[in-house]
4 protein chains.
Amino acid sequence: MCGIFGVSGVPDAARITFHGLYALQHRGQESAGIASVDGAGIARLHRGMGLVSETFSEAALSSLAGDVAVGHTRYSTMGSTIIANAQPCFANTRVGPLTLAHNGNLTNATVLKAKLVEKGAIFTSSTDSEVIVHLIAHSTASTIELQIRDALEHLEGAYSLIITVGRSMFAVVDGRGFRPLAIGRLADGIVAASETCALDLVGATLERELMPGEFIRIDDGRITNLAPLGSRPVSRCVFELVYFARPDSNVFGESVDRVRREIGRVLAQEHPAPGAEVVFSVPDSSNAMALGFSQESGIELEYGLIRNHYVGRTFINPTQALRIAKVRIKFNPVREVIEGRSVVVVDDSLVRGNTSKGLVQLIRAAGAREVHLRLGSPPITGPCHYGIDTPAASELIASTHSLEEIRDFLGVESLGYLSLDGMLRAGRHGNTFCHACFSGQYPTPTHADLVQLRHAAPLIESTV
Amino acid sequence: MCGIFGVSGVPDAARITFHGLYALQHRGQESAGIASVDGAGIARLHRGMGLVSETFSEAALSSLAGDVAVGHTRYSTMGSTIIANAQPCFANTRVGPLTLAHNGNLTNATVLKAKLVEKGAIFTSSTDSEVIVHLIAHSTASTIELQIRDALEHLEGAYSLIITVGRSMFAVVDGRGFRPLAIGRLADGIVAASETCALDLVGATLERELMPGEFIRIDDGRITNLAPLGSRPVSRCVFELVYFARPDSNVFGESVDRVRREIGRVLAQEHPAPGAEVVFSVPDSSNAMALGFSQESGIELEYGLIRNHYVGRTFINPTQALRIAKVRIKFNPVREVIEGRSVVVVDDSLVRGNTSKGLVQLIRAAGAREVHLRLGSPPITGPCHYGIDTPAASELIASTHSLEEIRDFLGVESLGYLSLDGMLRAGRHGNTFCHACFSGQYPTPTHADLVQLRHAAPLIESTV
Amino acid sequence: MCGIFGVSGVPDAARITFHGLYALQHRGQESAGIASVDGAGIARLHRGMGLVSETFSEAALSSLAGDVAVGHTRYSTMGSTIIANAQPCFANTRVGPLTLAHNGNLTNATVLKAKLVEKGAIFTSSTDSEVIVHLIAHSTASTIELQIRDALEHLEGAYSLIITVGRSMFAVVDGRGFRPLAIGRLADGIVAASETCALDLVGATLERELMPGEFIRIDDGRITNLAPLGSRPVSRCVFELVYFARPDSNVFGESVDRVRREIGRVLAQEHPAPGAEVVFSVPDSSNAMALGFSQESGIELEYGLIRNHYVGRTFINPTQALRIAKVRIKFNPVREVIEGRSVVVVDDSLVRGNTSKGLVQLIRAAGAREVHLRLGSPPITGPCHYGIDTPAASELIASTHSLEEIRDFLGVESLGYLSLDGMLRAGRHGNTFCHACFSGQYPTPTHADLVQLRHAAPLIESTV
Amino acid sequence: MCGIFGVSGVPDAARITFHGLYALQHRGQESAGIASVDGAGIARLHRGMGLVSETFSEAALSSLAGDVAVGHTRYSTMGSTIIANAQPCFANTRVGPLTLAHNGNLTNATVLKAKLVEKGAIFTSSTDSEVIVHLIAHSTASTIELQIRDALEHLEGAYSLIITVGRSMFAVVDGRGFRPLAIGRLADGIVAASETCALDLVGATLERELMPGEFIRIDDGRITNLAPLGSRPVSRCVFELVYFARPDSNVFGESVDRVRREIGRVLAQEHPAPGAEVVFSVPDSSNAMALGFSQESGIELEYGLIRNHYVGRTFINPTQALRIAKVRIKFNPVREVIEGRSVVVVDDSLVRGNTSKGLVQLIRAAGAREVHLRLGSPPITGPCHYGIDTPAASELIASTHSLEEIRDFLGVESLGYLSLDGMLRAGRHGNTFCHACFSGQYPTPTHADLVQLRHAAPLIESTV
C-alpha cells in the first residue's frame, strides 16, 4: 500500500506535501519522496528510505522550490526495498520533466514491461509504477494529456495516480476505483491526497473524492475535468475501510470511524459472547470495533492491551532461552483488567494467525478465565492483487484450515468472524466493493503475468 | 524523568536489559545506555542519543558480554542534551569498575559538586548523577557497601539507583521513596526495573517493590538485604500514577490503569457535564480516565481524537501563511464523532495550556457545539524538584491565572480540575504522596542550591 | 576525466577491480562504482560519492559476486555532482543486464539525447555516457555486438569504453584514440585499464594497448578481435602524458616519467635560467620535469615546496582578517632552500593563473631573491571537448593575456612556456597528438550542440 | 606521536587552530580535537576520530567561539583508539574550566594513576595525559600556576604541553626537552605549535622555540616567563629530525630539510655504492636524503617509486590467490627508471623490515639488476618510551638479527645503515640528543610501571 499527495498553486508546495505525507505515513513506512516544480518548470526530487520525518530535513525541504509538488509514502507490494524503488518516479520527457506517484498495483505490469524492454526502454527500478512512466514517454500522441490517456489504456489493475508534467498536474483513478483519491482546496490552490486526514492536517477543505475513472488536470490551482476513462464495474477496496485507512478519514464517502463502529455492532449481533465480562480491542486499528461491540452487546469496554509505540525497525533478537514472544515487545496486557475474567478480544482481521496466537497466550498468562476472539472481517482466503501486501494463499490460515482448526490453533474458547454480508452492510456500498481476498471473486482477469520474466532479472544497486 | 533497569545472574544480561529499556522508553527518549559486566569483572558500556531501538544494534549488544547489566533511558531534568550526560555513568575506582543508573533528582547536587571540585574531583557531565559516583569514589570507608552508604548519606532529594561495582549489583530507593523500583525473578537471576511493565516484557515475575529507604545487594542473582537508609517521611510521587507510568504497570502497589479509571469516576462526580452527549480522551495517557468518566456519568465514550504515532524528533516548520497548528500534526479530530455535539474532553493535566488551547480549537473546527474540558489532576502551581520536567512557576498557567481566566483562555464552556483530595483518594495512599507541584508542600528543604555555581560553567562537548 | 577498469575470467573480479580503481584514483575523485556479473549472468552494482576507499566496504565488495567486473572513477566533465551520474551506468536490456564505464567526452551527446527523448527514452542522469546505453538498448540489430557497433557509429568525440552484456565484456577505443586503454593478463583472465599502473597494482602483465578504433570482445577471459571501427585521423591526447597520467604508467606506448623528464630537458634548452641557483618542482606532477630541467641545465635540484597530502574535500574558510592564502593550505615553502636565492620553479601547466600567483607570493615570502617560472606545456588557449575539465576560454589566462601580462600578473622575473613543437617532440608522437587546447586545432566538428537543450532541464535528485 | 597547537589573543582562535592542526596532521591521524575559550571564560570542546578535515565542519568550528584555543592531533602511543582518548582533555576545576593538549609520553603514568584512583579520582580515558589533569585538579597549591607546577613535578618522561585554565594559557616543555614546541606571533596574539610549519600555514612569525624546562604563561596574547622547571640533562629526540617532523619545519633550531640532506651526504660517505647507476628515495620522508646521497655520490637522482596518496584507512583484503602485496597498494615502481639498472634505494629507517622487503621485491620485479639499500638512521634496537610508536624489541629486526641476516632477509646486494655518530653529526646537536632507540641509553629511569595495573581494567565505551 502507498500514500500519495499533490499540491498545485500554493507557495512552498513541498512543505505542504511533507505535512500531508506525514498524515499518510500509516499507508507506507518503507520510503518517502517529494518532487516539486518551480515557476520555470524545473522539477526537483528528494527521496529516501524510512519515515517521512527521517527522510526530510529542513535543508532538503528548502531545496524543493515551487508551488507544485507531489509526494509518496511507500510500502512495497511489488519490487524490493531499495532506494531505486522509492517514488515519485521521474523522467525527462520530450514535453518536459515528468513525476509520478502511484497507489495501487497493476496486474499486467510484467507483460507491459517485457514489451517496453523489447523496444529499448531502460528500467531503473523493479516497480510496476515505472511501467506507466515509460508508456507515457513512448506514446506518440500529440499532447501530454493524450499521451497519458494512451498509457492508461494499457493498464490493468489498481491505480490512483498524481502526475506532473512541466507545471501541469494530473490526477486519475482507475475505472474500477480500487483506491481512494480526495481533492481539496487550500488557499488559492488544489490539494490531492489518498485520504482526507491529510487534507485536514494541511488545513485544506474537502472538495470531493474522485469517482472511478475520473481524470482531471490542474494548472496553477485550477481544475479542468477531462473525459473519464473507459467505464468498468466499480470495485472499491473494502479493506480500506476495515483496516487500512485512518479512522479520522472519510473514504469512498464514508466515515471510517463510523464504519468500524458499525462493524463492531454487527459483529456483536452475529457473534455475541453472552457470559463475557469485558471487551477490549487490539489497539489501535480495532479500537472503534471494540467500542461498537461494547455498545451493542452491553459488555463493559476496557483497555486490556497496551501498545508500545516506540517499536523501531531494527529487530533485536531476544535470547532464545527466555523466549520473549515477539508479540510481547509490541503489546502488554493489563492484568487489572483481565485477571479472572472472561474477555472478548476484538481484532480487525486474521492473516497468518501467529500474532493473534501470541496475543491470546499473553492474555491467558495475565489471568483471563476465557478468551473470545471476534474479528471485524471475514476469513481471508486469497491474496490481494491490487496493492495490499497479503501473503500467498498457502500462508493464509483461513485458506488452509477450518474454523474449528483455527479456533484450536489460537487456543480461544470461541472465535467469531464477521460475515461477508455483514461487512458489506457496515460499509454501505455492498455491491460496489472488491472483496476478492475474502470471496475469491477477483474483478480483473487472471494474473499469469505476475510471474517474473527473465528480463526483470535483478540488477541490485546498493548505494551508500 | 528516567527509566532504569538491571539484571544479575542471567546470561546475555545486556540483551535482556535492552528489552527492559524498551518497555521503559516512555520514561525518557533523549538518550539510552547499557553497561554490562562479564565473568571476569570487566565492564563494558554503550550509550547513545535517541531511542533505545536507535541506539543499539546487534553488534553493540553482542559486544556487551556478561550476566550482569544495568540500563538507563534518560529524559533530561538537570544537565544538557549531550552524550556526556547519557547514563549509565561509569568510573574505574580502586575497587573496580563502577556503573550507575539514576532515576530522580537530587536537590543538593550543586553544593555537593562544588565541594567535590574543591577537593580535585573532575566532572565530565553536567548531571546530578555523576555527583553520586564521585561521592562513592572519594569515600574512604572500608568496603564498597559502606562507601555507597557513605555517599547516599550526603544526598538530598529523589533517587532510585541501580549500581554495579565489579560483579556486585546494588539497588536502593531514597528514604522518602519518590520514585518506584521493582524487583523480579527471571530464570536463576534477579531483575530490577522502574516499572513492572518492563518485568512483564522480559518475562520476569514480580518479587516486590523496594520500600522507601530499602537498600539491597545482588550477587550472581542472590539478594542480600542491607540495613535500610535513615528513615524519612514517605512521599511517593502521585504523578507517577496520574501521568508518568504506563497503564499496564503496577506502581507503589497500585494498578496504574485502575487508578486512572478511578480518577475518571471521581472527576465525573466532582465535575459532571449534564448536557454532554459524548466523552473522549486526549490519547493515550488519559484513555482510562475518559473511560472511568463515561462509566460513572453514563455519557457515551467515543474516539474523538486520533493521534499520529509517527511524530519524529526533527520538527519541520509548516509555512507561516497556512498556520498549521503544531497540535494538528499530532492529533486529528474525528468529525463523525464531534460534529454538532456537546463533548466532554478528558486530559490528564494542564501545564502551560497552549496544547490544550490548540486542541480545543481543532475540536471546535470539527463542529463541536460545546466543549467541556475535564482534567485528571489539580491545578499545577509549582515546579517538581524530584525528577519531573515541569517548567518554572511563572510558566504554569494555574500559577498565574484564575480558574475563570484559564477557562476563558482555553475557550471552553466549562472546565473541571480534579480536587487534590479526589486525586489522593483515587491513588489510595493519600497521606504518603508527594503532591508538592499541586499543593506547594515540598517534602525536602528549600533549594537555593539549584542556582548554578560558577564552577559548573558549561564545557560543551559536541563529538560527532 | 575518468578511470575505467575491467576484469573477465578471474574469481572475485570486483575485489580486483577495487584495487585497480585504487590505482586510477587520480583520474577521478568525485564518485566510484563497480558492477559485477556472476556465473548465472546476474549483475550487481555498487556506487557512491567520493574516493574508492570511502565508497567500498568489505561488505559492499563481498556482495559483488562473480568473475566479471567493471569499475569507474569519475571526475565530472559533463553532468552534475550527483550519485545518479556515478558510473558504471546500467540497464536491463532485452539481451540481459548491461553495464558500461566510459572515459572521454562525446561531442554530439546533446543532439543524440534529444533524438532519443523524442522516441520515448527516459534518462536518469545528466551524463553523456547514458546516451550510449540508450543507443545500444534501442538498436534493433540482431546481435549484441551489432547493437553496440550500431550505437558507436552514432558517436562523435572521445570514448574508451568497457561494457558488459550478460557475461560478455567488450572494450573499445574511439577511432581517433583520444584516451588510452590497456589490456593485460592476470591468471587465466583478462584485465583492462585506463593506465598500466592499475595493471601493475593487481599484478597483471601488460598485453597491449588498444589501437584507435580497436574493438574487442572478452568471454571468460578469452579475447576475440572484432572488426575495427571506421578509421579516423589519430589524435591522442598529449595532456595525458604531460599532466594527467601517473608517472609510473606507460601511455600510448611511452613511459610517462620519461616524457616528463624529456619535457624538463627541452624546457631547459628553450628557456634556460642562467643565473639561477636552484630548481624545484610544484609537487608532485612536475617532479620529473624539474629533474629533467636540473639534469639539462646543471642547476641544482632541491625540494622547495612541501605538499600537504591530507587536504580533505570540505574547505573551511580561514578568517578573512588573516588572509591565509588558499594555496598555503596545500603547499609550504622550505625557507632553507629558498632564502636569498634565485630559484627556478617548474610546473606542468598554467590554467587560470591564480594558484601559481599565490605560490609565487609564498616563495617570495620565504626569501627568494628571484623567481623564474618554467611551464612544461604551451599556453592553454581553449577548452578541451574530449574529457579534460578545462574552463571556458574566457577564464584561461593565456587566452586573454599576453606573455608579458602574464609574467607581470604572476610577479616573476622570467616566465618560460614549453613550445608546442618541444612538447610534441618530447612526446615522440608529434603528428598523431591532439593539441587542440594549445593550438585551437580541434580534430572533430564544432560543438554547437554542447549548448544544453530544454529537454535536458535538470531534475536534481538529492537522495540521502 | 601527537601534534599540539594553541592560540591566545586572536579572534576566531578555533579556526586558526583548525588550520594549524592541518599542518600537524602528519603527527597524528587517529583523532583530532579543539577546545576554545570565549571572553567570559566559557570553554567549548569538539573532538572526533579521524583526520582534522573529517572531524571539523563549518558548523563545529563556528560553535567554538573565542580568542583562546588549543588543538591536538593524536596518534596513539598509550591508550586505545577510542573517542574518550581524543584530546584536548578537559575538566571543570575549582579555578574554572581546564583544557590540556599533550605531546610526548609519561614513563610513570601507571604509578601516578594508581595513586590518584586510591584517592578517589575517576578516570574516563586510558591516556597518560589525563593523569596530568588530575594532578593539577588535586593540587592544593594556592594559585593555578603553582598547581600546574606542583603537578609537573610528579611527572617523568616526555611532555610538551599547552594548557588553558579559564582564559589563561600555559605552555611548557619537560626538563629534558624530548619534544619540540615553537612560539610565534600572529596579529596581536601568540601562537604555539609542535612544528614551525604550522606557524607558517597560519601566517605567524616564529618567535622562538621553548627551551627544555621552559614554562610560560600567556594572557590575552602577552607572554609572562615563569621560573623554569628543575633542570635535567637535555635529550632532544633525534627521530624528530630524521623521520617525524615535516621537512619544511625547523625543529630544535635546525632546518629538517637541511639535516636530511646532510644525512644523505654522510650516508654516501659511509656507504658509497660505487657501481650504481641511479639513486631514488622511498617517498616522501626520505626524499631529501636521496637528494643528499645523489649530490655527494654523483649518482644520478631519479623518481623510482610512485606513492599513492589516496590510501584510505579501511584496508580491503586483496584476494589471497593473487597475493597483491600490501606494499604495492602504496608504492608502484617506475620501470623506465629501474629496468636493467643497479639502483640505490634510500629510506629513513628500518623497523620490522617487512615493508622494505616487499619494496625490494617490487623493485626487482620492475627489472633492477642490483638493489643497494641505504638507511638514514642506525639500527633500531629498542622501543621509544617518549612518544614514538615503535614496537617491542622482539619485533625490531635489528634487535634480533645481524646485519648480514637482515641483508639476506631483505634480499639486497648491499645494506648500509647510517652510523650513530654520523646521525648525530648531521643533526648538529650530538651530545644533547636522545638516541635511546638506537643506543639503548634511555635518559630516564626504567619503566616497570608500564605494566598495566588492575585499576586500569578497561571500561570500553563505544558511543555511536
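In what follows, chains are A, B, ... by sequence order, proteins preceding strands, each numbered from 1. All values below were derived from every heavy atom in this structure, side-chain atoms included, with hydrogens, water molecules and symmetry-related copies excluded. A quick note: this is a predicted structure, and the numbers were derived from the prediction, not measured.
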Practice prompt. List the atom of H309(C), the atom of D284(D), and the distance in Å for their closest heavy-atom pair.
Written response: NE2-OD2, 3.5 Å
Worksheet, complete the sentence: R328(D) and V202(C) have their tightest heavy-atom pair at NH1-C, 3.6 Å
Worksheet item: Who among L291(C), V52(C), V334(C) has the most heavy-atom pairs with chain D under 4.5 Å?
Response: L291(C)
Worksheet item: From E54(C) CD over to E54(D) CD, what is the distance, rounded to the nearest 0.5 angstrom?
Response: 7.0 Å
Fill in: Toward chain C, the part of P283(D) with a non-hydrogen atom under 4.5 Å
neither
Fill in: Side chain, backbone, both or neither of A366(D) within contact of chain C (heavy atoms, under 4.5 Å)
neither
Worksheet item: Quick one: what part of D257(C) sits under 4.5 Å from any heavy atom of chain D, side chain, backbone, both or neither?
Response: side chain
Worksheet item: For Q295(D), is it the side chain, the backbone, both or neither that has a heavy atom under 4.5 Å from a heavy atom of chain C?
Response: side chain
Worksheet item: For Y22(D), does its backbone N or O pair with a side-chain atom of N308(C) as donor and acceptor, under 3.5 Å?
Response: yes
Worksheet item: Is the number of heavy atoms from other residues, nucleotides or ligands under 6.0 Å of F331(C) CZ greater than 12?
Response: yes
Discussion item. On a heavy-atom basis, which atom in I306(D) and which in P247(C) lie closest, and how many Å separate them?
Written reply: CD1-CG, 3.4 Å
Discussion item. With rounding to the nearest 0.5 angstrom, report the CD to CZ distance, E302(D) to R258(C).
Written reply: 12.0 Å
Item to complete: Identify which part of R246(D) has an atom lying under 4.5 Å from any heavy atom of chain C, answering side chain, backbone, both or neither.
Response: side chain
Worksheet item: What part of L301(D) lies closer than 4.5 angstrom to a heavy atom of chain C: side chain, backbone, both or neither?
Response: both
Worksheet item: What's the spacing between D200(D) CG and R335(C) CZ if we round to 0.5 Å?
Response: 7.5 Å
